[in-house]
Amino acid sequence: MRVRTPLVVGNWKMNGLKASAAELGRMIEGYGPELRWKVQMAVCPPATLIQTFCVAALGSRIWIGAQDCNADVSGAYTGDISAEMIADCGGGLVIVGHSERRTKYAESDAQARAKAEAARRAGLVSVLCIGETEAERLAGEAIAVIDSQLAGSVPDGATGSNLVLAYEPVWAIGTGLTPSNADIAEVHAHIRQRLVARFGREGEKIRILYGGSVKPANASEILGIADVDGALVGGASLKAADFLAIASVYA
Ligand code: PGA
């Protein structure tokens, strides 16, 4: 038996309108018992669709979440939403520290950590993203970068039920490029070892997803790597057929 239930999370980024509920509907339809018992699926649409999607997904066991949150409960943060607001809409998870937030909005490890803590405060699971840039990998610094991101952004008290990690090499996101299986295996094993060193047996329960250009054509290879407990999927999560094909690797 697996220690960790596999999880496949769709990150829709800034894509989707009300009409996209039809795509979610096709995902719900395709998420039958043969999949449900084997893999947990989640969709993180833009904030404007969270409530609609939560209502549509009621009873389907597809988990709905957000792509970011502010670390505070409420206040003067024009444009932001809090973890409590996501929970209030019925959301169950939130992506924090995504590399697009880190690079385009200069978010730090400390902010990612504060957001993960906010998620826990609101009863949400956070999907905390880490990963090296291409320059860092070429310089042989990937593991060192991951170590410092783990130390800086994983909150104390992380457990298998309040935190999911996502290893997303920045250069693999949206590019069609993926690391070799050996590189993915090395990083995931390293993250696992660090989690166990810090959290003991609880570190065994924290899921580690791989993200970056996961698609139906490479899913079975990537998801078959040791210590890869699922995927964080961007582009290929926008179409039900592709997203279901990825999750179906576990069927
Ligand atoms: P991608 O995005 O699957 O389109 O590469 C992954 C992500 O940004 O989480």
Side-chain angles (χ1 to χ4, degrees), residues 6-16 20 23-24 27 39-47 49-50 53 62-69 86 91-107 112 115-116 119 124-134 136-137 142 145-146 149 153 163-181 183-184 187-188 191 207-223 225 228-250:
L7 170 66
V8 176
V9 180
N11 173 11
W12 280 25
K13 310 191 179 183
M14 199 171 73
N15 297 290
S20 314
E23 208 58 46
L24 177 71
M27 291 176 187
V39 54
Q40 192 169 4
M41 287 183 82
V43 176
C44 299
L49 292 176
I50 295 173
F53 276 30
I62 291 192
W63 226 9
I64 305 298
Q67 300 168 14
D68 183 37
C69 68
I86 297 161
L93 71 160
V94 59
I95 298 169
V96 298
H98 190 278
S99 70
E100 285 153 17
R101 302 293 317 175
R102 290 176 186 263
T103 55
K104 296 178 185 173
Y105 303 91
E107 286 189 7
K115 290 175 181 200
L124 303 178
V125 171
S126 45
V127 180
L128 171 63
C129 306
I130 56 171
E132 82 285 358
T133 63
E134 185 175 26
E136 290 161 344
R137 172 147 296 267
V145 167
I146 281 152
Q149 289 174 334
S153 56
L163 186 87
V164 172
L165 270 171
Y167 167 55
E168 297 205 304
V170 178
W171 52 275
I173 296 176
T175 57
L177 303 170
T178 51
S180 69
N181 292 354
D183 286 342
I184 296 176
V187 173
H188 279 242
I191 296 172
R207 290 175 280 195
I208 309 171
L209 313 183
Y210 168 78
S213 297
V214 176
K215 47 185 187 254
N218 62 18
S220 95
E221 208 181 322
I222 293 174
L223 298 176
I225 298 171
V228 173
D229 302 311
L232 178 54
V233 186
S237 72
L238 293 168
K239 287 271 165 277
D242 290 344
F243 196 43
L244 286 164
I246 293 167
S248 297
V249 165
Y250 291 107

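Residue numbers run from 1 in the order of the sequence given. In each ligand, atom 1 is the first atom listed, and ligand 1 is the first ligand listed.
At least one heavy atom of Gly212 sits less than 4.0 Å from an atom of ligand 1. Using 4.0 Å as the threshold, Ser213 has a heavy atom nearer than that to some atom of ligand 1. Distances from ligand 1 to the non-hydrogen atoms of His98 include at least one value under 4.0 Å.
Remark: minimum distance from atom 4 (O) of ligand 1 to any protein heavy atom is reached at Gly235 N, 2.9 Å. From the protein, the heavy atom lying nearest to atom 3 (O) of ligand 1 is Gly234 N, 2.8 Å. Of the protein's heavy atoms, Glu168 OE2, 3.2 Å lies nearest to atom 7 (C) of ligand 1.
Pro45 has its side chain within reach of Ile64: a pair of non-hydrogen atoms, C-beta onward, lies under 4.5 Å apart. Under the 4.5 Å side-chain criterion, counting only non-hydrogen atoms from C-beta, Glu132 is in contact with Trp171. The closest side-chain heavy-atom distance from Val170 to Arg102 is not below 4.5 Å. In this structure the side chain of Leu223 never reaches within 4.5 angstrom of the side chain of Pro6, judged on heavy atoms.
Between Gly174 and ligand 1, at least one N/O pair is under 3.5 Å apart. Polar contact check, Val233 against ligand 1: no nitrogen or oxygen pair lies under 3.5 Å apart. At a 3.5 angstrom cut-off on N or O pairs, Thr175 does not count as close to ligand 1.
The two residues Leu232 and Ala166 make their nearest non-hydrogen contact at CD2-CB, 3.9 Å.
No donor-acceptor contact under 3.5 angstrom links the side chains of Glu23 and Ser20, judged on distance only.
Not a single donor-acceptor pair under 3.5 Å links the side chain of Tyr167 to the backbone N or O of Pro169. Remark: the backbone N or O of Cys44 is paired with a side-chain donor or acceptor of Gln67 at under 3.5 angstrom.
Below 4.0 Å from some heavy atom of Lys13 lie the following atoms of ligand 1, by number and element: 2 (O), 7 (C), 8 (O). With ligand atoms numbered from 1 in the order given, ligand 1 contributes 9 (O) to contacts under 4.0 Å with heavy atoms of Leu232.
For Asn11, every heavy-atom contact with ligand 1 shorter than 4.0 Å involves the side chain, none the backbone.
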